[in-house]
Every structure is written in C-alpha cells, then in structure tokens.
**Student:** 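Below is one structure. I have some questions about it.
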Amino acid sequence: QIQLVESGGGLVQTGGSLSLSCAGAGEYFDSYVMGWFRQAPGKEREFVATISRGGGVADYVDSVKDRFTISRDNAKNTVYLQMNSLKPEDTAVYYCAASLAGKTKLRLGSPDAWGRGTQVTVSS
C-alpha cells in the first residue's frame, strides 16, 4: 500500500503563498487518484482538491477555486498544492490522500491512504 508524506506547511501572512508537497512511497503511484484535504481546529476534515491519475483533470472545493492549484509529477511520485492569496480561514492541517478506486471514493473521505498532515497557518 502506498505511504504518503506531506511537507511544505508553515506560517504565512494573509495574501501570501505556500506550496505543499506529498511524496508517495510504493509502487503504482500513477494508478492513484490523489487529493488534498484539510482540517481546521474544531471542524471536520474537508475536501480541498483532487487530481486524476494522469494529471489532466483537477477538481476543487469552491472556497479555493482560482487560488489553489493541484498538480502531480508521476515520475517523482509527488503531488503538489500551490496555495495563493491565502486567507486566515485557510488555516488548517492539510492532508494528502490517495485512492485506487477513484475520485468519488476519495472525495467521500474514504481513500486507500492518508498522509500524517502538515500545518498551514495564515495570520491576519
């Protein structure tokens, strides 16, 4: 089973940018639909973005459209989340997720694997 490790979180001011990475260890990385979720303090984990196996199709939650971009490099077994125009409400622990079954199962919060998360804090 694939193992996922996120990196790139940190503290940034409102309007700033951060880039998250998620490295997948294991075989068949390009067989997985990949995604990002986040969980703010006191709130449930929520879907942020997914990307198709080949990287050609991306999907976002409305609150991050036009600000976040998900991408992947299958040669490096890595998926990325570029976050621009950050807002305090983007503050959360961000988790990477992988699903062999596809986007629907992943968006429902039932992927095959989760990373441990990386903290993103946006100060006002």
Side-chain angles (χ1 to χ4, degrees):
Q1 183 172 336
I2 193 170
Q3 295 185 348
L4 305 172
V5 178
E6 303 95 336
S7 62
L11 174 64
V12 65
Q13 291 185 333
T14 296
S17 298
L18 278 175
S19 181
L20 306 183
S21 298
C22 171
E27 295 182 314
Y28 310 118
F29 179 81
D30 57 1
S31 296
Y32 290 86
V33 172
M34 300 297 297
W36 288 94
F37 286 72
R38 65 186 179 185
Q39 187 167 19
K43 296 187 177 181
E44 293 187 353
R45 191 176 299 186
E46 69 166 349
F47 160 78
V48 175
T50 64
I51 189 165
S52 61
R53 294 172 180 85
V57 179
D59 190 18
Y60 302 90
V61 67
D62 286 347
S63 61
V64 308
K65 283 181 180 177
D66 300 324
R67 299 190 298 123
F68 290 11
T69 302
I70 188 171
S71 62
R72 66 190 293 166
D73 185 340
N74 287 339
K76 296 182 178 179
N77 283 12
T78 302
V79 63
Y80 306 95
L81 187 68
Q82 177 65 40
M83 305 184 294
N84 299 327
S85 302
L86 283 161
K87 305 174 181 180
E89 51 264 44
D90 294 318
T91 295
V93 177
Y94 282 70
Y95 297 89
C96 180
S99 174
L100 283 172
K103 181 172 68 175
T104 299
K105 186 176 181 184
L106 189 146
R107 287 196 61 164
L108 288 173
S110 299
D112 295 295
W114 289 102
R116 291 190 174 186
T118 185
Q119 176 71 46
V120 171
T121 303
V122 185
S123 63
S124 57

**Student:** Just how far is it from atom CG of L81 to atom CZ of F37, taken to the nearest 0.5 Å?
**Tutor:** 12.5 Å
**Student:** Under the salt bridge (Lys or Arg N to Asp or Glu O under 4.0 Å) test, which residues partner R38, sequence neighbours left out?
**Tutor:** E46, D90
**Student:** Less than 4.5 Å apart, side chain to side chain, heavy atoms only: is that true for Q119 and T91?
**Tutor:** yes
**Student:** With a 4.5 Å cut-off on side-chain heavy atoms, are S17 and V12 touching?
**Tutor:**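 Side-chain contact under 4.5 Å: no.
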**Student:** Step through the shown structure and confirm whether more than 12 heavy atoms of other residues, nucleotides or ligands are within 6.0 Å of CD on Q82.
**Tutor:**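 Enclosed.
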**Student:** Any donor-acceptor pair under 3.5 Å linking the side chain of T14 with the backbone of S123?
**Tutor:**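 Yes, the answer is positive, given that a donor and an acceptor are paired below the 3.5 Å cut-off.
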**Student:** Between atom OG of S124 and atom CD of Q13, what is the distance when rounded to the nearest 0.5 Å?
**Tutor:** 9.5 Å
**Student:** Under the side chain to side chain contact (heavy atoms under 4.5 Å, CB included) test against R53, which residue among N74, L100, V33 passes?
**Tutor:** V33
**Student:** Identify whether NZ of Lys or CZ of Arg in R107 sits under 6.0 Å from the centre of the six-membered ring of F47 and within 45° of that ring's axis.
**Tutor:** yes
**Student:** For S52, is there any backbone N or O sitting under 3.5 Å from a side-chain donor or acceptor partner on R72?
**Tutor:**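 Between the backbone of S52 and the side chain of R72 there is a qualifying donor-acceptor contact (under 3.5 Å).
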**Student:** Nearest 0.5 angstrom please: S99 OG to W114 CH2, how far?
**Tutor:**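 The CH2 atom of W114 is 10.5 Å from OG of S99, to the nearest 0.5 Å.
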**Student:** Are the side chain of R67 and the backbone N or O of S85 linked by a donor-acceptor pair below 3.5 Å?
**Tutor:**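 Yes.
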**Student:** On a heavy-atom basis, which atom in M34 and which in C22 lie closest, and how many Å separate them?
**Tutor:**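 Heavy-atom minimum between the residues: CE-SG, 4.5 Å.
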**Student:** Do L18 and Y94 share a hydrophobic cluster (ILVMFWY, side-chain heavy atoms under 4.5 Å, transitive)?
**Tutor:**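 Same hydrophobic cluster.
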**Student:** Of the options V48, V120, I70, V79, which is the one that meets L20 in a side chain to side chain contact (heavy atoms under 4.5 Å, CB included)?
**Tutor:** V120
**Student:** Going by the side chain to side chain contact (heavy atoms under 4.5 Å, CB included) test, name the single residue among T104, V57, V61, L106 that passes it with T50.
**Tutor:**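 Answer after filtering T104, V57, V61, L106: L106.
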**Student:** How long is the span from the CG atom in N77 to the CG atom in L4, to the nearest 0.5 Å?
**Tutor:**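 One finds 10.0 Å between CG of N77 and CG of L4.
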**Student:** Set out, in order, the CA-CA distance, both residues' side-chain angles and the distance that settles side chain to side chain contact (heavy atoms under 4.5 Å, CB included) for F68 and L86, then state yes or no.
**Tutor:** CA-CA 9 Å; F68 290 11; L86 283 161; 3.8 Å; yes
**Student:** What's the separation between atom SG in C96 and atom CH2 in W36, rounded to the nearest 0.5 Å?
**Tutor:** 5.0 Å
**Student:** How long is the span from the CD1 atom in I2 to the CD atom in E27, to the nearest 0.5 Å?
**Tutor:** 10.5 Å
**Student:** Where do Q39 and Y95 land on the side chain to side chain contact (heavy atoms under 4.5 Å, CB included) test, with the steps shown first?
**Tutor:** CA-CA 8 Å; Q39 187 167 19; Y95 297 89; 4.1 Å; yes
